[in-house]
Amino acid sequence: MPKTDLLQGTLDLLILKILALGPNHGWGISNRIRQISRDGLNASQGSLYPALHRLELRGDVESEMKPSENNRLARVYTLTRAGRRRLETENATWERFVLSVARILNAE
């Protein structure tokens with residue numbers, strides 16, 4: 001399956017979901033998006049890091065420098081309580097959007 005560029009606005013939602021699964025660094029978040037989507041989605045580094053920075057400024061994620069698996073320092077991101085609330089809200093909005101689009105695409 002070819003990789004698909006993410007729709008505008010969905011990257012924040014995907015990052016929040018990945019971090020709900022546990023703390024992770026940028027490269028790890030990108031890999032999890034690719035793995036869970038079975039290579040269907042690709043979060044480029046050029047959009048991932050600005051999104052992480054934006055989420056951190058909003059208070060949805062926190063970060064700290066920690067040693068990675070290969071003993072190098074990496075910025076590890078963690079979902080905050082505000083980020084969990086935003087994830088719930090954004091997920092509900094996304095579900096309504098998908099349902100509405102499906103209704104239109106399946107109209108006869």
Side-chain angles (χ1 to χ4, degrees):
M1 171 186 267
K3 286 187 176 68
T4 304
D5 288 333
L6 298 174
L7 290 173
Q8 183 69 32
T10 59
L11 182 55
D12 288 5
L13 175 61
L14 297 178
I15 291 170
L16 293 173
K17 177 58 183 178
I18 295 301
L19 292 177
L21 302 174
N24 214 329
H25 50 75
W27 188 78
I29 293 168
S30 179
N31 275 345
R32 292 292 288 159
I33 289 171
R34 185 181 44 76
Q35 289 169 347
I36 293 171
S37 71
R38 297 183 183 156
D39 289 325
L41 298 174
N42 182 37
S44 72
Q45 303 300 306
S47 32
L48 179 69
Y49 288 101
L52 284 164
H53 182 70
R54 183 175 56 250
L55 289 168
E56 191 166 20
L57 287 175
R58 285 183 55 129
D60 294 327
V61 302
E62 297 174 333
S63 71
E64 65 178 305
M65 297 300 286
K66 291 184 174 181
S68 65
E69 303 82 33
N70 59 8
N71 249 357
R72 297 169 84 177
L73 282 179
R75 184 167 301 279
V76 175
Y77 297 88
T78 305
L79 192 62
T80 64
R81 185 176 299 148
R84 286 192 189 284
R85 285 192 303 270
R86 181 166 178 218
L87 174 59
E88 290 174 13
T89 301
E90 296 282 334
N91 191 50
T93 300
W94 178 256
E95 292 293 333
R96 286 191 303 275
F97 174 77
V98 169
L99 181 60
S100 297
V101 169
R103 286 177 180 147
I104 293 168
L105 292 177
N106 294 320
E108 304 224 3

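Source: prediction; values computed, not measured.
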Could you note down all residue pairs passing side-chain hydrogen bond (donor to acceptor under 3.5 Å, both in side chains) where residues 95-104 supplies at least one of them, sequence neighbours left out? T93-R96
Report the distance from atom CD1 of I18 to atom CG of L13, rounding to the nearest 0.5 Å. 10.0 Å
Exam field: side chain S63 to backbone R75, donor-acceptor pair closer than 3.5 Å: no
To the nearest 0.5 angstrom, please state how far the CG atom of L19 sits from the CD1 atom of I29. 4.5 Å
Output yes when a side-chain donor or acceptor of S30 lies under 3.5 Å from a complementary backbone atom of A43, and no otherwise. yes
Measure the spacing between CG of D60 and CG of L87 and express it to the nearest 0.5 Å. 9.5 Å
Run the side-chain contact (heavy atoms from CB on, under 4.5 Å) test on L41 and I36 for me, step by step, so that the C-alpha distance in whole Å, both residues' side-chain angles and the decisive distance to 0.1 Å come before the verdict. CA-CA 9 Å; L41 298 174; I36 293 171; over 6 Å; no
Determine the interplanar angle of the F97 and W94 rings, folded into 0 to 90°, and report it as parallel if under 30°, tilted if 30 to 60°, perpendicular if over 60°. tilted
Run the salt bridge (charged side-chain N to carboxylate O under 4.0 Å, His left out) test against E64 and tell me which residues pass, sequence neighbours left out. K66
If you group Ile, Leu, Val, Met, Phe, Trp and Tyr by side-chain heavy-atom gaps below 4.5 Å, do I33 and V61 land in one group? yes
Kindly indicate whether the side chain of N31, heavy atoms from C-beta on, has any atom under 4.5 Å from the side chain of N24. no
Salt-bridge criterion met for D12 and R86 (N-O under 4.0 Å): yes
Please give me the minimum heavy-atom distance between W27 and Y49, naming the atom from each residue. N-OH, 3.3 Å
So CG of L21 and CG of L16: to nearest 0.5 Å the spacing works out to 11.0 Å
Closest non-hydrogen contact found for L52 with G26 is CD1-CA, 4.1 Å
Using links of under 4.5 Å between side-chain heavy atoms of ILVMFWY residues, direct or through other members, which residues join M65 in one cluster? L73
Shared hydrophobic cluster, V98 / L11 (ILVMFWY, side-chain heavy atoms < 4.5 Å): yes
Nearest 0.5 angstrom please: L79 CG to R85 CZ, how far? 10.5 Å
Atom pair CG/CD of L14 and E90 - distance to nearest 0.5 Å: 11.0 Å
